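Below: one structure, written as structure tokens.
Note that the coordinates shown come from a computational prediction; the quantities given were computed from them, not determined experimentally. Chain letters run A, B, ... following the sequence lines, proteins first, then strands; residues in each count from 1.
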Amino acid sequence: MSPPGVTVARCTACSIRLHPMRPDCTACRGATTSEQIPGTGHVVSWTRIERPPAGFPAPQRVVLVEADGPDGATVLLYAQATDDAVLQTGTRVQLHEATDATVRAEPR
Amino acid sequence: MLKPRFMGNGRRISACARRTATAFCARPLPAPMPRAHVSAVGIVPFGRLDTPLLTLARAAHNDLLRRSPDASAPDQLLLSCQEPGPFADIGNAAVAVTDALGLAGIAATRVDTAPSSGLAALATATALVESGRRKSVLVLGVETMTSAPTEEANRVLARMAHPLERRYGLTMGAQIAIMARRYMEQHGIDDAALADCAVKAHDMGAANPHAQFRGPIDRDTVLGSPVVADPLRLYHSAALSDGAAALLVSAAGPVRVAGLGHATDALALTHRTSPDRITHFAATRQAAQQALGEAGIAPSDLDVVETHDAFTPMEGINLEDLGLFPRGTGVARVARGDTRPDGAVPTNLGGGLKARGHPVGATGVAQIVELYGHLTHEPGLSEHPPRAQRPRWGLAHNMGGLGNNVLVAVLEGRP
């Protein structure tokens, strides 16, 4: 597995961080640059999809994570959990980025 | 010097102001702008109909002509249909429908804002009529979704999401599940209360002659149904559906289009920046403020509401965004019956998307048909009147995607 960490967009004008990467900031329309964040965070919500769309195995475990930013700010992102233990609000997770820009979450 | 103040849209000029302006301006003011009204409606019962899209479109139009034989001939058709290609193998859909209705010759345009296309078509028709460009616009909403297997239909509908969200296998329902869990944990809502929201929707659908689900259910039916995306079960989701509905929009009619609002938000949930983006929809708040402001009324003036409850938690959450319930109370209020006909905020009295069915392109049009029934008392449209004896103000709220292309319409019946 890739080392922990996630690439996010950081606004050069207002400093907000957004995931997935995008060229402009949705808060102020400023330009963004890519930035690596450490890859730790906690689960703020989750679902276990028993009836995914065609082409996906069931179940799909998806968590919404507030990732820790370097200066105390957080970044909201979705992540795939491989294990039901992560499906609990408040769980501390370690985040890894896959080559297709999806993020994996596993318990810390 | 007065003149520039009256160069705007003309909507808010009082008779007194107009007289004053006429008295003091050297040149006469232009004729007042026509005001858009819903002058006729038609609908077919929604469900798994095994009927071609063009046949359903014809049936809704025929119902309109049967109810209003003197309806004016439209000079434009606006088609509200989200996925004519994937679901019905139809391209060039605006003219396909216009031709099927025997109207070839008039202008025809398809309007697509995902599942809010119905109200987007109403908004476009309103602009065409109020600009004087058209006299009478037929808004035809139709969708056939049940011919594809459910997994394939979900794949088609999931294309509304951001590409990265789709890579996680997130459907609209799965994203609402994530929002709903956060809301439930923040506001102490349990599975039983959420189930009661579905029970209410089915109770309303049971008396709607056009609803897909006409049998009442109980809490145990909901809690015993299969999990789709935890915490949402089968009975929390509007079913895939076929259906059609039609409106005629012209300069006169029994129901006035009194206000419209339309707002978007970032495609991806995680790109949104409102503080409550995990549980609520900022675009609904913006659209509602615009529509209510244009109508000049407060949320508390509304007699009857139609909101976009594609999944049951959305009825209460949307009513908070619409300004009808305080933050964090909406789902509990729905669960305890406050949106039933005799409740504080009569809402989705025809069953909503959940029980009427949600043929995406037809939904917004069906919401207007439902409100038209309440505001005109035309028989055969709505069987659950709101508590107001003579309802005057109705609001429809129609959502495209995951709350990122939202329209709100305020309708006024004749006092």
A/Thr47 (side chain) donor-acceptor with B/Ala177 (main chain) under 3.5 angstrom: no
Flag if over 12 foreign heavy atoms under 6.0 Å of CG, B/Asp50: no
Pick from B/Thr150, B/Ile278, B/Leu232 with the largest number of heavy-atom pairs that fall under 4.5 Å of chain A: B/Ile278
Leading residue by heavy atom contact count with chain A [cutoff under 4.5 Å; candidates B/Gln175, B/His271, B/Glu151, B/Arg155]: B/His271
A/Val62 backbone acceptor or donor facing B/Tyr168 side chain under 3.5 Å: no
Portion of A/Ile16 that has a non-hydrogen atom of chain B nearer than 4.5 angstrom: side chain
Under 3.5 Å: donor-acceptor pair, side chain of B/Arg167, backbone of A/Asp100: yes
Note, B/Leu234 side chain near A/Arg51 side chain (heavy atom, < 4.5 Å): yes
Toward chain B, the part of A/Val63 with a non-hydrogen atom under 4.5 Å: neither
B/Arg166 versus chain A, the contacting section by heavy-atom distance below 4.5 Å: backbone
Side chain A/Ser45, main chain B/Ile178, donor-acceptor under 3.5 Å: yes
Sub-4.5 Å side-chain heavy-atom contact between A/Leu64 and B/Thr270: yes
A/Thr89 OG1 to B/Met184 CE distance, which is reported to the nearest 0.5 Å: 11.0 Å
Top contributor to chain B contacts, counting heavy-atom pairs under 4.5 Å, from A/Leu18, A/Val75, A/Thr26: A/Thr26
Structural part of B/Glu185 lying under 4.5 Å from a heavy atom of chain A: side chain
Shortest non-hydrogen contact from B/Gly169 toward A/Pro53: O-CD, 3.3 Å
Residue A/Gln36 excluded, over 12 heavy atoms near CD under 6.0 Å: yes
Per-residue contact mode, B/Ala174 against chain A (heavy atom under 4.5 angstrom): both
Per-residue contact mode, B/Leu157 against chain A (heavy atom under 4.5 angstrom): neither
Taking every non-hydrogen atom, the tightest pair across B/Val227 and A/Glu50: O-CB, 3.3 Å
Part of B/Leu170 lying under 4.5 Å from any heavy atom of chain A: both
Contact class of A/Gln80 relative to chain B, heavy atoms under 4.5 angstrom: both
Test item: B/Leu164 and A/His19 side chains (from C-beta on) under 4.5 Å apart, heavy atoms: yes
More than 12 heavy atoms from other groups under 6.0 Å of OH on B/Tyr235: no
Check: B/Arg181 side chain, A/Trp46 main-chain N or O, donor-acceptor pair, under 3.5 Å: yes
